[in-house]
Protein chains: 2
Amino acid sequence: MAEEIAMHDGESPPSALTDGTTGLHDGELQSVAFLAKSLSDENRLRILLCLGRGKKAVGSIVEELGLSQPLVSHHLKELKRTLLVTIERSGPFIYYQLSDPAILATVRDLNAVAQNLLATRKTF
Amino acid sequence: MAEEIAMHDGESPPSALTDGTTGLHDGELQSVAFLAKSLSDENRLRILLCLGRGKKAVGSIVEELGLSQPLVSHHLKELKRTLLVTIERSGPFIYYQLSDPAILATVRDLNAVAQNLLATRKTF
DNA sequence: TTAACATATCAATAGATATTTATATGTCAA
DNA sequence: TTGACATATAAATATCTATTGATATGTTAA
């Protein structure tokens, strides 16, 4: 009866039996979720792919993608927060660049998996 | 060299591992965002890794991860909607399994990228 | 200084979603 | 049928976030 467990802020929901085969502990799980969430927005992906062709100032991204400047700025802030991009100031310009080209390979891998799932869905 | 050409159509992989041209059209961008969003929850990742060791009934997952049954059911529904898992009924049991083992490799890749970003962050 | 430009931030809104509690559906055995 | 079990669904809440429009901050040139 008296089995109430009051979960307070942000610690382990389950008991810490780790997830075995692929062997990711809680911190790594958190990192993966963190990164995946950053990659889960179409406009952020557009920005990342755009930056895949070299560092660019905010205005260039705005112009190239046709998104509003505050929106691009917002997503760039998020991409910086999640360590996917770095900045480099030059006068009034702020150039953003990918912090790791491996990010592009990851996006391509995600696309490959997604397309394969869509192609071979045998679920009815 | 020419500027990168935007849209490629469905089948041919752009073969861009070293050149920066990761041309994804809107549908692919949507798919990537879709998949990434499904991978952006810690508990869903736990479930996926759990299923990486074979098909399991809901109760097993609940017990193994220490999450509530409705929560696990909710996440399984989401994973099924995003094509990451498939089901197989057997009596009152419903067995869930990964629809593609490549998903595990993708999670591992995400972790590798994330850990690398954390390790080599030169921001401050 | 002022003016013009580049970028960031603020405030408000709207929609998504993770979680919990409670309840419903479905299956099988006795 | 009843009862026990496995799973799904409903409803409520709370949190998060993408987007927009307006405004602020900061940099350079005149």
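As the structure is a prediction and not an experimental result, all values here were calculated from the model. Quick note on labels: first sequence line is chain A, next is B, and so on, each numbered from 1.
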Check the distance between [N]'s [atom2] and [X]'s [atom1] and give it to me in whole angstrom.
X: A:Leu76; N: C:dT7; atom1: CG; atom2: P; value: 10 Å
X: A:Gln69; N: D:dT23; atom1: CD; atom2: P; value: 15 Å
X: A:Lys77; N: C:dA6; atom1: NZ; atom2: P; value: 22 Å
X: B:Phe93; N: C:dC28; atom1: CZ; atom2: C1'; value: 10 Å

(message) Applying salt bridge (charged side-chain N to carboxylate O under 4.0 Å, His left out), can you list everything that pairs with A:Glu28, at least two apart in sequence or on another chain?
(response)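 With neighbours one apart ignored, the set is empty.
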### Query
Do any side-chain nitrogens or oxygens of B:Tyr96 fall under 4.0 Å of OP1 or OP2 in D:dA8?
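Indeed, a polar side-chain atom of B:Tyr96 lies that close.
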Counting N and O atoms only, with roles assigned by atom type, does the side chain of [X] sit under 3.5 Å from a partner on the main chain of [Y], one being a donor and the other an acceptor?
X: B:Ser68; Y: B:Leu71; value: yes
X: B:Ser40; Y: A:Ala33; value: no
X: A:Ser73; Y: A:Gln69; value: no

Readout for nucleotides 13-20 of chain D: B = base within 4.0 Å of protein heavy atom, S = sugar-phosphate only, - = neither; 5' to 3' it is ----SSBS
Its contact letters, B for base, S for sugar-phosphate only and - for none at protein heavy atoms under 4.0 Å, make nucleotides 25-30 of chain D read --SS--
| request: Could you run through DNA chain D and flag its stems, i.e. three or more consecutive Watson-Crick or G-U pairs with both distances under 3.5 Å? | output: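 Expected stems, ordered by start: C:1-30 with D:1-30.
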By side-chain hydrogen bond (donor to acceptor under 3.5 Å, both in side chains) - contacts of [X] (at least two apart):
X: B:Thr82; answer: B:Ser38
X: B:Arg108; answer: none
X: A:Glu63; answer: none

Single-linkage hydrophobic cluster, 4.5 Å side-chain cutoff, A:Val72 and A:Ile94 together
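As far as the 4.5 Å side-chain criterion goes, A:Ile94 and A:Val72 are connected within one cluster.
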Checking one residue: B:Phe34. Which other hydrophobic residues are in its cluster under the side-chain 4.5 Å linking rule?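 Under the 4.5 Å side-chain rule, B:Phe34 groups with nothing.
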### Message
If you take any heavy atom closer than 4.0 Å to DNA chain C, which residues from residues 54-63 of chain A end up in contact?
### Response
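Contacts with DNA chain C under 4.0 Å: A:Ala57, A:Val58, A:Gly59.
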Could you work out, with side chain to side chain contact (heavy atoms under 4.5 Å, CB included) as the rule, every residue matching [X], not counting sequence neighbours?
X: B:Ser60; result: B:Lys56, B:Ala57
X: A:Asp41; result: A:Asn43, A:Arg44, A:His75
X: A:Lys77; result: none

Going by heavy atoms in the side chains, are B:Thr86 and B:Leu98 under 4.5 Å from each other?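 Not in contact.
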Out of C:dA6, C:dT9, D:dT7, whichever nucleotide has its closest atom nearest the side chain of B:Ile94
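The listed nucleotide nearest to B:Ile94's side chain is D:dT7.
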